[in-house]
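Side-chain atoms are counted along with the backbone in the values below, which use heavy atoms only and exclude waters and symmetry mates. Counting starts at 1 for both ligands and their atoms, following the listed order. Counting begins at 1 with the first residue of the sequence.
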Amino acid sequence: MTTSTASKRHALVTGAPGGIGRGICFALIEQAQRDGAAIHITAAASRPGERLDRLVDELRSAGATATGVAGDLTDPSSCADIVGQAIDRGGDLSALVCNAGASGPGRLADLPAAQWDRTFNLNVRAVWLLAQSARPSLARTGGSITAIASMSAHLPHPGYGAYAPAKAALVMLCRQLAQEWAHEGIRVNSVSPGMIRTPLTEAAYEDEETHRGRRALVPLGRIGTVADIGATVAFLASAGASYITGQSIMVDGGISDHMLSLIPGRPGKPAIAD
Ligand SMILES: NC(=O)c1ccc[n+]([C@@H]2O[C@H](COP(=O)([O-])OP(=O)(O)OC[C@H]3O[C@@H](n4cnc5c(N)ncnc54)[C@H](OP(=O)(O)O)[C@@H]3O)[C@@H](O)[C@H]2O)c1
């Protein structure tokens, strides 16, 4: 039985109450409903509370069975504990979605070592440890792992001293896991969002000039939504992706390939006015 064709699915989504995490949860439910499958979502948050409880209620209202789990993913024992609790309450996992992450901005010239470690522990080490704990379960279902990286994994930016290297490491971690676990039927991919409008990034879009300036850089002419990322993750966990592993999919409206078009004076661009 593969993830994608199973009539009963179970997805563990980390960072589930966040902007993109919510989008992923609802997209997985929609995908299961299109496929005529039942789905259990384990929504993982950094801490218990009303926000997580409300999400679990919303997921149930949308047609899933759902439970919430909480723990700090920078603590290795929490990673194992979260996977253990998920399997105890929802059965074997058909999908592990590692979405929790944070940027922790800072320049390399004076970045504290503790911040470097925290950024890597959350964005990279936690994904490895979650995957390690989930491996036997995913091997039983022929399941998949999808991690949320960033366009910063592929493009450096001053101020993202630890975040960009951590997300780049995450992309390679997924490729490495894909090679090591393919023989067990586990697929592993990453998704790299571009500019996505979430509560985390909302402040930038409240200023209309900044919003317009950002939108103008995107060849597809709009800022991404959490549904754009959710749809990609749901596809990677579906039957349609059963021959895809070790891939990194950029979901950015074309912005990261747009760089050369910004160079003044190149063919097809207006010449520089003196
Ligand atoms: N928004 C963008 O434009 C964008 C672009 C590229 C990549 N991304 C990536 O997309 C993912 C989601 O981002 P988002 O925009 O949706 O941000 P968000 O709303 O801040 O969500 C981040 C989630 O990560 C969880 N988290 C943070 N630290 C944690 C910890 N120590 N232990 C457990 N969970 C922790 C948070 O849990 P709580 O809710 O419990 O606090 C939150 O749910 C991240 O990996 C981010 O790097 C986002």
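Atom numbering of ligand 1 starts at 1 in the shown order; those under 4.0 Å from a heavy atom of T201 are 1 (N), 3 (O). Numbered from 1 in the order shown, with element, the atoms of ligand 1 that lie under 4.0 Å from a heavy atom of G71 read 32 (N), 33 (C). Interface atoms of ligand 1 facing A100, defined by a heavy-atom separation under 4.0 Å, are 24 (O), 25 (C), 26 (N), 34 (N), 35 (C), 45 (O). Within the listing of ligand 1, atoms 32 (N), 33 (C), 34 (N), 35 (C), 37 (O), 38 (P), 40 (O), 41 (O) sit less than 4.0 angstrom from a heavy atom of S46. Ligand-side atoms of ligand 1 in range of I196: 1 (N), 2 (C), 3 (O), range being under 4.0 angstrom from any heavy atom. Each of the following atoms of ligand 1 lies closer than 4.0 Å to a heavy atom of G19: 16 (O), 19 (O). Counting the atoms of ligand 1 from 1 in the order shown, those under 4.0 Å from a heavy atom of G18 are 19 (O), 21 (O), 43 (O). Taking every heavy atom of R51 and a limit of under 4.0 angstrom, the matching atoms of ligand 1 come to 38 (P), 39 (O), 41 (O).
The shortest heavy-atom distance from A149 to ligand 1 is under 4.0 Å.
D228 and T225 share a donor-acceptor pair across their side chains, judged by distance under 3.5 Å alone. Between the side chains of R34 and Q31, a donor-acceptor pair is found at a separation under 3.5 Å. Between the side chains of T65 and H40, at least one donor N or O sits under 3.5 Å from an acceptor N or O. A donor-acceptor contact closer than 3.5 angstrom links the side chains of Q85 and R89.
Counting protein heavy atoms only, atom 5 (C) of ligand 1 is closest to G194 O, 3.3 Å. Scanning all protein heavy atoms for the shortest distance to atom 8 (N) of ligand 1 gives Y163 OH, 3.8 Å. Remark: minimum distance from atom 31 (N) of ligand 1 to any protein heavy atom is reached at D72 OD1, 2.8 Å. Scanning all protein heavy atoms for the shortest distance to atom 42 (C) of ligand 1 gives G15 CA, 4.0 Å. When only non-hydrogen protein atoms are considered, atom 32 (N) of ligand 1 lies nearest to L73 N, 2.9 Å. Nearest non-hydrogen protein atom to atom 4 (C) of ligand 1 is I20 CD1, 4.0 Å. Nearest non-hydrogen protein atom to atom 12 (C) of ligand 1 is N99 OD1, 3.2 Å. Scanning the protein heavy atoms around atom 22 (C) of ligand 1, the nearest turns out to be G101 O, 3.7 Å.
For CD of E184, the number of neighbouring non-hydrogen atoms (other residues, nucleotides, ligands) closer than 6.0 Å is greater than 12. Environment of CE in M172: sparse, with no more than 12 heavy atoms of neighbouring residues, nucleotides or ligands closer than 6.0 Å. Residue-environment remark: CD (E202) exceeds the threshold of 12 foreign heavy atoms within 6.0 Å.
Residue pairs satisfying the ring-ring contact (aromatic ring centres under 6.0 Å, His included) criterion with at least one member in residues 127-165, sequence neighbours excluded, are listed as follows: H157-Y160, Y160-Y163.
Of all non-hydrogen atoms in S190 and C174, the two that sit nearest each other are CB-SG, 4.1 Å.
Hydrophobic cluster of Y243: no remaining members, since no ILVMFWY side chain lies below 4.5 Å from it.
When non-hydrogen atoms are compared, ligand 1 lies under 4.0 Å from neither the backbone nor the side chain of E202. Contacts between L122 and ligand 1 below 4.0 angstrom, taking non-hydrogen atoms only, involve the side chain exclusively. Under 4.0 angstrom from ligand 1, the non-hydrogen atoms of K167 all belong to its side chain. The part of T198 lying near ligand 1 is the side chain, judged by heavy-atom distances below 4.0 Å. Of the heavy atoms in L200, only side-chain atoms (C-beta onward) come closer than 4.0 Å to ligand 1. Counting heavy atoms under 4.0 Å from ligand 1, residue S78 does not touch it at all.
With Y205 as reference, R214 is the one residue of R214, R215, R197, H211 to meet the side chain to side chain donor-acceptor pair (under 3.5 Å) rule.
Residues R54 and E58 are not paired through a salt bridge, judged by the lack of any N-O separation under 4.0 Å between the basic side chain and the carboxylate. Look at R9 and D92 and you find no salt bridge, because none of the NZ, NE, NH1 or NH2 atoms lies under 4.0 Å from a carboxylate O. No salt bridge links R47 with D72; every basic N to acidic carboxylate O contact stays at or beyond 4.0 Å.
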